Amino acid sequence: MGDTTVKSVLSAILAITLSMLLVITPVSASAKEFVGIGTASGSARINGMEFSSGSNLYSSDRVQTEAKTNFLLSIAPDERVALSPGTLAQLRTENGALIVGLERGKVVVQSAGHTRISLVQLGVLVKNAGQTPALAEVIILSERQAQVSAVRGSLEITGASKPITLLAGQGAMLTDASLSMAMPPPAPPGYSGGGTHDIAIFIFVLAVATTASFFAFSAAHTTESPSKP
């Protein structure tokens with residue numbers, strides 16, 4: 001009689017456990033949507049776990065490059081993301097698009113429209129504004145200042161009072177004027193700025209575009225991301 005009771009209890013526990021797994025598994029899978037394949041030239045971290053070769057990356061992954069490491073995320077033929085040394089960014093998907101949340105450092109994105117760059121501190125989003133692939137360079141200069149450059153193609157910056165378009169060879173300095181202690185430099189001709197969160201935007205023309213070299217490296221091996229479901 002005792003053995004029967006024990007078996008009944010164990011069967012009940014097993015049934016409850018399986019039911020919970022059926023509920024939890026779809027949630028975990030959706031939270032770890034595959035976004036692309038990464039390669040690194042040296043040491044980097046994904047979600048705090050160190051690796052030095054390639055990896056598959058998933059939505060919600062947090063990528064951190066070391067001092068001498070370049071990292072390349074290949075999403076599609078016209079969609080690639082390059083993180084420079086000393087960069088921290090988090091990936092997420094939203095309405096079918098990949099959002100690269102840049103928190104520190106520098107990112108270069110080649111995109112036909114699927115990949116976008118988010119600057120949470122300034123409340124702005126950078127995306128392709130044209131019909132052909134664009135090459136965007138975004139650098140965080142400080143907690144309250146960032147630089148956006150359209151190396152190739154055209155970009156759109158949203159989050160200010162109205163969208164701002166950068167043409168090839170143009171750049172924009174984004175400053176949270178409400179938090180900045182220094183006076184901004186005089187705006188050059190063609191200035192367009194102001195917006196929500198007191199974001200000041202200064203348009204400038206790029207003198208030299210050197211960003212293409214970010215996509216010139218590859219890694220010898222590919223391994224799975226530590227965050228693979």
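Not measured: the values here are computed from a predicted model. What you see below is based on every heavy atom in this structure, not just the backbone, and it leaves out hydrogens, waters and symmetry mates.
In this structure, Ile157 and Ala172 approach most closely via the heavy-atom pair CD1-CB, 4.0 Å. Looking at every heavy atom in both residues, Thr69 comes nearest to Ala40 through CG2-CB, 4.2 Å. Scanning all heavy atoms of the two residues, the minimum distance from Gly96 to His114 falls at O-CE1, 2.7 Å. Closest of all the heavy-atom pairs between Pro163 and Thr158 is CB-CG2, 4.3 Å. Closest non-hydrogen pair, Tyr58 versus Asn56, comes out as CE1-O, 3.7 Å. Here the closest non-hydrogen pair linking Phe71 and Gly38 is CZ-CA, 3.9 Å.
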Can you list the steps and then say if Val100 with Leu73 is a side chain to side chain contact (heavy atoms under 4.5 Å, CB included)?
CA-CA 11 Å; Val100 180; Leu73 173 62; 5.9 Å; no

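Criterion: ILVMFWY side-chain heavy atoms under 4.5 Å apart, direct or through other members. Under it, Ile99 and Val148 are not part of a common hydrophobic cluster.
Not one N or O on the side chain of Ser59 forms a donor-acceptor pair closer than 3.5 Å with the backbone of Thr93. A distance-only check finds no donor-acceptor pair linking the side chain of Glu66 to the backbone of Pro85 [under 3.5 Å].
Annotation: salt bridge (charged side-chain N to carboxylate O under 4.0 Å, His left out) contacts involving residues 90-103, sequence neighbours excluded, comprise Arg62-Glu103, Arg92-Glu94. Within the structure, the salt bridge (charged side-chain N to carboxylate O under 4.0 Å, His left out) test picks out no pair touching residues 109-119 (sequence neighbours left out). Residues in residues 117-127 take part in these salt bridge (charged side-chain N to carboxylate O under 4.0 Å, His left out) pairs, two or more places apart or across chains: Lys127-Glu156.
Considering CD of Glu50 and CD of Gln64, their distance stands at 10.0 Å, rounded to 0.5 Å. Atom CG of Leu155 and atom CD1 of Ile117 lie 7.5 Å apart (nearest 0.5 Å). To the nearest 0.5 Å, the span separating CD on Gln90 from CG on Asn47 amounts to 7.5 Å. To the nearest 0.5 Å, atoms OG1 (Thr115) and CD1 (Ile75) are separated by 3.5 Å. For the atom pair OG of Ser41 and NZ of Lys68, the computed distance is 11.0 Å after rounding to the nearest 0.5 Å. Atom CD of residue Gln110 and atom CG of residue Leu135 lie 6.5 Å apart, to the nearest 0.5 angstrom.
Each of Val120, Leu125, Val124 was checked for a side-chain contact (heavy atoms from CB on, under 4.5 Å) with Leu122, and the lone residue meeting it is Val124. Among Val63, Thr65, Asn70, the one residue that satisfies the side-chain contact (heavy atoms from CB on, under 4.5 Å) test with Thr87 is Thr65.
For Ser111, the side-chain hydrogen bond (donor to acceptor under 3.5 Å, both in side chains) partners two or more places apart in sequence, or in a different chain, are Glu79. Take Ser74 and apply the side-chain contact (heavy atoms from CB on, under 4.5 Å) test, not counting sequence neighbours, and it matches Leu72, Arg80. Residues meeting the side-chain contact (heavy atoms from CB on, under 4.5 Å) test with Ile140, sequence neighbours left out: Leu102, Leu119, Gln121.
Residues Met173 and Leu141 are in side-chain contact: their nearest non-hydrogen atoms beyond the backbone lie under 4.5 Å apart.
Annotation for Leu88: hydrophobic cluster partners, listed by chain and number, are none (ILVMFWY side-chain heavy atoms under 4.5 Å, direct or chained). Hydrophobic cluster membership of Leu167, counting Ile, Leu, Val, Met, Phe, Trp and Tyr whose side-chain heavy atoms lie under 4.5 Å apart directly or via other members: none, as it forms a cluster of its own.
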